[in-house]
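Structure first, commentary second.
Letters A, B, ... are given to chains in the order of the sequence lines, protein chains preceding strands, and every chain is numbered from 1. Computed over heavy atoms, backbone and side chain alike; hydrogens, waters and symmetry mates excluded. Please read these numbers as outputs of a predicted model, since none were measured by experiment.
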Amino acid sequence: MTAKALPGFRDFPPHDLALRAYIFAAWRRVATRYGFEEYDGPPLEPLDLYTSKSGDEIVGQLYNFVDKGDRPVALRPEMTPTLARMVAERANGLKKPIRWFSIPQLFRYERQQRGRLREHFQLNCDLIGEAGALADAEIIALAIDVMREFGLGAKDIRVRVSDRRALTALLQARGVTADGMYAAYQFIDKLERMSPADLERHRTTPQPYAPATADDLIAVAGLRGLSQVESAVAMLPDGAAAVAPLTETLAALDAMGLSDWIEIDFTIVRGLAYYTGTVFELFDAGKTLRAICGGGRYDTLLQSLGGVDLPALGFGMGDVVLGELLKDRGLRPEPPSAIDCFVAAVTPEDQPHVLRIAHQLRDAGIRVEYAFGQTAVGKQLKIADARGARLAVVVGPDDRATGTAQLKDLQGSTQEAVAIDALAARCHELLAG
RNA sequence: GUGCUUGUAGCUCAAUUGGUUAGAGCGCCGGAUUGUGGUUCCGGAGGUUGCGGGUUCAAUCCCCGUCAGGCACCCCA
C-alpha cells in the first residue's frame, strides 16, 4: 500500500466517522436551539477572496492553484469571507439580526501537529446586524452550551474573555498610538509563550508601541476579573464607555447562570486584525490542548469585505481539538449498533424464508442482516451479537410447520414464537421498549 | 519553512553491550458447538523492523539521507 492519505488529511473509517457524526449532530442541535439556520458555500473560492483583505502573505498558508480556466483559486481556509459575500448580496432582504451557522471543511497548508491538521471541520456561528452586548452574550452562551451538550462542565472548560475596546483604551492611556496598536496586540497575544530572552529584547530595543513599554503592556495584559478591569479604566476619560459592553455582556451571562464558566483575561486578543470588540477563547481546564473555540466581534469586516455596513460577531470551533478532548475525557460515545435484528436459518431449506422475512422487516424500517452462507445457528447468533443486534429471528423446519419463527431478545435473553406476518410489528414493540 | 525527538503485526508494546528462525496481549479468521449468542479453550493468518544507502563476519539496535508522527518555533482562519 503506497498511496496513503496526504499529511494532515484524514480517512474516516466507520468508527471515526461515528465520532464525527456525533459531533456534527450535537453542533446542529445546539445551534438550531438558538434559532440559527444552516448555510453552506463552495469549498473552492477565488484566491483574491482571501488575499485582497489579508495580503499576499497568507498565500503561504493556503491550498491554492490555478484552475484549467486560468483562474487563481484556493480551498477555503475560513468561512467568514464567504459568509460576508452571501450576506452582502442579500442584506437588504434579510431580517436582522441574522443567525446563521455552517459546518464547513476548511483547509490550510502548514505543518501539522496534534489538534491541528491541514483539513478540519469547523462549526461557524455568526450573528449579524446586532451591535448590542446581548448579542455578545448570546454567542458566548451558544459556545458554552455546545460544551455542555458534550457532557463538559464549568470545571472542564475555561472561557477566557476580553474586549478590544477596553484593551485599546488602556493601551492608549499608556501611550500606545493608533499605529502601534496592532503591534501591541501581537505582543500581548504572544506573551504567554514568549521566552525570557525575547521578553528582554522587547524591553531593550525600540518597539512600535512606544512610548509604552513592554512592562506597560504586561501590566495591562495581567488584568484579571471585571473589578480589576473596571478600576483600571475608571480614571480614564472615556473609561466607563470602554468597559460598558464587557460589563453588560457578563451581566447577561450571569443572568443565564453561566458566570462560572467565564474568566476575564486580557491576554486574549486573538491573532486576527479584524476583531473590534469582545474576543474570547475556550480551553480545556488543564490547558493541555490548543484552543477549542475562538471568536469575537468584528463590526467593520462586512463593510470592508462586502460593502455592507452591519455589526457582527461569531466564533469557530474545530472538530479536531474537540475530538481529542472527548477521547481524553472518555466522552467519546459507543458507536451505534449497525443493525436491529439478525435473521438466522437452521437448515439450508430455511434460507428462502430468511430472505422473505428479512425483506419484510426491512420494508418495515428495521435494520436487518442475515448470513450469506449456511452455518450453525450458534455461529449466526454470534454474528448477531457482534453486530450489535438487539433482536434475532430464528427460522427452522419446526417453526415453518406452524407458520411462526422464534424471536429472541438478545439483551433480555427471552424468546417467543411469533407468527411470521406479525414479526415486524412485534420487532417494533421490542425495539421501542 | 526552521530546530529537537520518535518510527517493530490492524492496535498497544517486547527483543542481553550489534549475534542464530523478531515475540506477547488485544483484534481478525477458523474450530471445539449440525436448533440458540456474550464466557472459556484450541488453532491460523498477518512483518522487506517506515523507506533507501553506509559501517560490520553479522544491523530492529551504530552512521547518513529521505518519508511519516510528536514537541517547540513561524502562523493561528
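The distance from atom CD of A:Gln113 to atom C1' of B:G3 is 12 Å, rounded to the nearest whole Å. What separates OH of A:Tyr274 from C1' of B:A77 is a distance of 6 Å, to the nearest Å. Whole-Å rounding puts the A:Glu119 CD to B:C76 P distance at 21 Å. Distance CG (A:Leu289) to P (B:C76): 21 Å, rounded to an integer number of Å. We find that CE of A:Met317 is positioned 15 Å from C1' of B:A77, with the value rounded to whole Å. Look at CZ on A:Phe372: it is 18 Å from C1' on B:C29, rounded to the nearest Å. Between the CG atom of A:Asp198 and the P atom of B:C75 there is a distance of 11 Å, rounded to whole Å. Taking atom CD of residue A:Glu110 and atom C1' of nucleotide B:C73, one finds them 12 Å apart after rounding to whole Å.
If you take atom C1' in B:C61 and the same atom in B:G43, they sit 34 Å apart, rounded to whole Å. When the C1' atom is used for both B:C75 and B:G65, the distance is 29 Å, rounded to whole Å. Only the P atoms considered, B:G18 is 36 Å distant from B:G27, to the nearest whole Å. Separation of the C1' atoms belonging to B:C4 and B:G44 is 44 Å when rounded to the nearest angstrom. B:C74 sits 16 Å from B:U2 when the P atoms are compared, rounded to a whole Å. B:G31 sits 14 Å from B:G38 when the P atoms are compared, rounded to a whole Å. Taking atom P in both B:A24 and B:A45, one finds a spacing of 12 Å when rounded to whole Å. To the nearest whole angstrom, the two P atoms, one in B:U39 and one in B:G1, are 49 Å apart.
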The dot-bracket string of RNA chain B, counting Watson-Crick and G-U wobble pairs with both distances under 3.5 Å, using [ ] for crossing pairs and | for pairs to another strand, is (((((((..((((.....[...)))).(((((.......))))).....(((((..]....))))))))))))....
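Of the candidate nucleotides B:A68, B:A77, B:C71, B:A77 has the atom lying nearest to any side-chain atom of A:Pro77. Side-chain proximity of A:Pro7 to the nucleotides B:C73, B:A68, B:A77 is greatest for B:A68.
Within 4.0 Å (heavy atoms only), A:Tyr298 reaches no atom of the nucleic acid at all. A:Gly8 comes within 4.0 angstrom of the backbone, heavy atoms only, and of no base. Looking at heavy-atom distances under 4.0 Å, A:Arg114 makes contact with sugar-phosphate atoms alone, never a base.
Using a cutoff of 4.0 Å between basic side-chain nitrogens and carboxylate oxygens, A:Lys327 and A:Glu324 are not scored as salt-bridged. A salt bridge is defined here as a Lys NZ or Arg NE, NH1 or NH2 lying under 4.0 Å from an Asp or Glu carboxylate O, and A:Arg400 with A:Glu349 fails to meet this definition.
Contacts with RNA chain B (heavy atom under 4.0 Å) in residues 416-432 of chain A: none are found.
Taking the six-membered ring wherever Trp is involved, the centroid distance between the rings of A:Phe9 and A:Tyr63 falls below 6.0 Å.
You won't find any donor-acceptor pair under 3.5 Å spanning the side chain of A:Arg111 and the base of B:C73, going by distance alone. With hydrogens and angles ignored, a donor-acceptor pair closer than 3.5 Å exists between the side chain of A:Arg116 and the base of B:C76.
Not a single donor-acceptor pair under 3.5 Å links the side chain of A:Thr205 to the backbone N or O of A:His202.
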Whether each nucleotide of nucleotides 33-40 of chain B has a protein heavy atom under 4.0 Å at its base (B), only at its sugar-phosphate (S) or at neither (-) is summarised, 5' to 3', as --BBBB--
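OP1 or OP2 of B:A72 sits under 4.0 Å from a side-chain N or O of A:Arg290.
A heavy-atom distance below 4.5 Å is found between the side chains of A:Leu83 and A:Ile128. Proximity of A:Leu246 to A:Val161: side-chain heavy atoms (C-beta onward) are separated by under 4.5 Å at one or more points. At least one side-chain heavy atom of A:Glu119 sits less than 4.5 Å from a side-chain heavy atom of A:Phe121.
Dense packing is recorded around OH of A:Tyr39, with more than 12 heavy atoms of other residues, nucleotides or ligands lying under 6.0 Å away. The neighbour count for A:Glu37 CD, taken as heavy atoms of other residues, nucleotides or ligands under 6.0 Å away, does not exceed 12. For A:Arg148, the CZ atom is loosely surrounded, since the number of other residues' heavy atoms within 6.0 Å does not exceed 12.
Distance CG/A:Asp265 to CZ/A:Arg224: 3.5 Å, rounded to 0.5 Å.
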I would like to know whether A:Lys382 and A:Asp385 meet salt bridge (charged side-chain N to carboxylate O under 4.0 Å, His left out); could you show each step before the answer?
CA-CA 5 Å; A:Lys382 197 174 280 194; A:Asp385 197 55; over 6 Å; no
Could you walk me through whether A:Thr51 and A:Asp48 pass side-chain hydrogen bond (donor to acceptor under 3.5 Å, both in side chains), step by step?
CA-CA 5 Å; A:Thr51 55; A:Asp48 62 14; 5.7 Å; no
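Both the sub-6.0 Å distance and the 45° axial angle are satisfied by A:Arg164 relative to the ring of A:Tyr185.
Projected onto RNA chain B by closest heavy-atom contact, A:Asp189 and A:Tyr109 fall at different nucleotides, the more 5' of which corresponds to A:Tyr109.
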